[in-house]
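Sequence positions, counted from 1, serve as the residue numbers for this chain.
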Amino acid sequence: MFNFRYFGVAVAILLVAAGAMASNFRAADQVYVPAAGHLSGSSGTFISDVFISNLSTDPVTVTVIYSSGPTGAQLSNFPAINLAAGERREIIDFFPTALNLSTGFGQLIFNGCKQGTDCGPATQDANGVSPNFRNISVESRIYSIPPGTTLSGNPPTTGQDFVGLPWYNFVSSDQAANGLDKVFITGIRNTGTTGQAGTYRSNIGLVNASQFSTTTLVVTLFNGSTNTPIGTPFQVTLGPLGQTQQNISAMFPSFATGPTATNAFVTVSQTSNVPTADAPASCLPNGCPAFFAYGSILDNASGDATTLESQYLKPLTDAAILAIYPGNAGKTNMHRAAKH
């Protein structure tokens, strides 16, 4: 089951602004985890634990789509996860435990449906909404264990949090007129290489959130002090639900490793959206473009990683704030809990 909403412009503006910038709103019937896996490498094995919460008073069936690589290779025929009303569940090492996959890395899309009902197209309205959808939230921790160790041996771990992003949290080129088509990620460093104490390296993750279009994402690197571009913008084309994660050095060779390669940021936007052959009429002519982006900064000595979340370049409007906190309509300043 994949649900892609299509709203009128006014409603879309409100939902994108309220959802994406008020980032502690995580509940939805469709939630994306942009990076998860079980993958062995020279530095150890990367593992994802996943925590799913049923925020409904009904029992819920959660289904999962796993999509990997730039072309968006998709798998979805996994055992359903059934949660009782209000249940929270911890799933350790999600890929082999819940998906029966011994290895893999990509994005996960979780869908919540009232248990025992149909949430497919036959029950959905013109906006892609079914009365049987139910809200869930998802949290995950991706971490590594040392080479040659197993989880059962209780090895030391280093890891980072990846919150599940609700479907309305996406960024879209359709929102260019409202300034909601571009995000930035700050805190980028490239001060050393693996094993070098006191230095850091950075990765950038890019996710096509639309199943109905191929998109090109454009990443531009800037010097944080001068706000000037560094090197040539990096571009990558992602198929429907495609994803990629790359080291900042590979994306921007001119951002040479060294002690001064710090205090940088990137902007991410999209272009060249091509609809798929099965895109619904409501997603034409450009296939409902949508994307997510994130950064990751790693300590080169310990391997410890920190997630760098993307941000819009503008704040919530008064209208969006009042939509979230309607009790004080017309009294926006009352939302300020501290003076300047």
Side-chain angles (χ1 to χ4, degrees), residues 31-54 61-70 72-84 87-111 136-165 192-205 207 241 243-247 250 294-309:
V31 180
Y32 295 71
V33 173
H38 183 111
L39 189 67
S40 297
S42 59
S43 61
T45 301
F46 287 89
I47 292 169
S48 288
D49 294 345
V50 171
F51 309 84
I52 308 174
S53 298
N54 178 7
T61 295
V62 179
T63 56
V64 182
I65 299 171
Y66 163 53
S67 182
S68 62
Q74 298 170 35
L75 295 174
S76 59
N77 190 27
F78 301 116
I81 301 167
N82 293 310
L83 302 179
E87 181 183 356
R88 273 71 170 172
R89 185 173 301 176
E90 174 187 73
I91 304 177
I92 304 300
D93 201 0
F94 188 80
F95 271 61
T97 303
L99 305 184
N100 294 322
L101 295 177
S102 60
T103 187
F105 180 84
Q107 69 164 316
L108 299 174
I109 303 167
F110 295 80
N111 297 281
I136 58 175
S137 72
V138 183
E139 192 93 4
S140 71
R141 177 178 182 255
I142 188 168
Y143 55 96
S144 64
I145 60 175
T149 64
T150 63
L151 275 179
S152 60
N154 298 314
T157 68
T158 58
Q160 65 191 113
D161 180 51
F162 271 108
V163 296
L165 302 173
T193 55
T194 303
Q196 188 177 353
T199 68
Y200 300 86
R201 65 188 188 276
S202 301
N203 298 324
I204 300 295
V207 173
L241 301 185
Q243 60 80 226
T244 186
Q245 177 178 289
Q246 300 197 32
N247 183 266
Y294 64 88
S296 182
I297 183 169
L298 295 93
D299 184 304
N300 281 319
S302 68
D304 195 33
T306 301
T307 303
L308 305 175
E309 292 194 36

Taking atom types as modelled, is there a side-chain donor on Thr307 or Gln160 under 3.5 Å from an acceptor on the other?
yes
Output yes when a side-chain donor or acceptor of Thr97 lies under 3.5 Å from a complementary backbone atom of Phe94, and no otherwise.
no
Worked check of side chain to side chain contact (heavy atoms under 4.5 Å, CB included) between Ile91 and Ile52:
CA-CA 8 Å; Ile91 304 177; Ile52 308 174; 4.2 Å; yes
Give a yes or no on whether the backbone of Ile297 and the side-chain of Ser202 come within a donor-acceptor separation of less than 3.5 Å.
no
What distance separates Ile109 CD1 from Ile65 CD1, expressed to the nearest 0.5 Å?
5.0 Å
Approximate separation, where rounding is to 0.5 Å, of Ser137 OG and Phe51 CZ
11.5 Å
Side chain to side chain contact (heavy atoms under 4.5 Å, CB included) between Leu99 and Val64, worked out
CA-CA 9 Å; Leu99 305 184; Val64 182; 4.2 Å; yes
Of all heavy-atom pairs linking Thr149 and Pro146, the shortest is OG1-O, 2.6 Å
Whether the Asp49 and Tyr143 side chains hold a donor-acceptor pair (N or O, under 3.5 Å, no angle test) is what I'd like checked.
yes
Side-chain heavy-atom pair Val33, Val50 within 4.5 angstrom cut-off
no
Please check: side-chain N/O of Tyr66 versus main-chain N/O of Phe105, any donor-acceptor pairing under 3.5 Å?
yes
Could you check whether any side-chain heavy atom of Ile47 comes within less than 4.5 Å of a side-chain heavy atom of Leu151, counting everything from C-beta outward?
yes
Any chance you could measure Asn203, atom CG, to Thr244, atom OG1, to the nearest 0.5 Å?
10.0 Å
What pair of heavy atoms forms the shortest contact from Asn100 to Pro79, and how long is it?
ND2-CG, 3.9 Å
Does Gln245 form a side chain to side chain contact (heavy atoms under 4.5 Å, CB included) with Ile204? I'd like the steps, not just the answer.
CA-CA 6 Å; Gln245 177 178 289; Ile204 300 295; over 6 Å; no
Do Thr103 and Leu101 pass the side chain to side chain contact (heavy atoms under 4.5 Å, CB included) test, and can you show the C-alpha distance, the side-chain angles, and the key distance before you say yes or no?
CA-CA 6 Å; Thr103 187; Leu101 295 177; over 6 Å; no
Between the side chain of Asn300 and the main-chain N/O of Gly195, is any donor-acceptor distance below 3.5 Å?
no
Check: Asn54 side chain, Ala84 main-chain N or O, donor-acceptor pair, under 3.5 Å
yes
Is the backbone of Leu241 close enough, under 3.5 Å, to the side chain of Gln107 for a donor and an acceptor to pair up by distance?
yes
Nearest 0.5 Å, what's the CG-CG distance between Asp304 and Asp299?
6.5 Å
For Ser67 against Gln74, the heavy-atom pair lying closest together:
OG-CG, 3.8 Å
Qualifying salt bridge (Lys or Arg N to Asp or Glu O under 4.0 Å) pairs, either residue in residues 136-164, two or more places apart:
none
CD1 (Ile81) and CG (Asn111) are apart, to the nearest 0.5 Å, by 11.0 Å
Has the side chain of Ser140 got a donor or acceptor atom that lies under 3.5 Å from a matching backbone atom of Phe162?
yes
Check this for me, if you would: do Glu87 and Arg89 make a salt bridge, where the nitrogen-to-carboxylate-oxygen distance has to be below 4.0 angstrom?
yes
Any chance you could measure Leu108, atom CG, to Phe78, atom CZ, to the nearest 0.5 Å?
8.0 Å
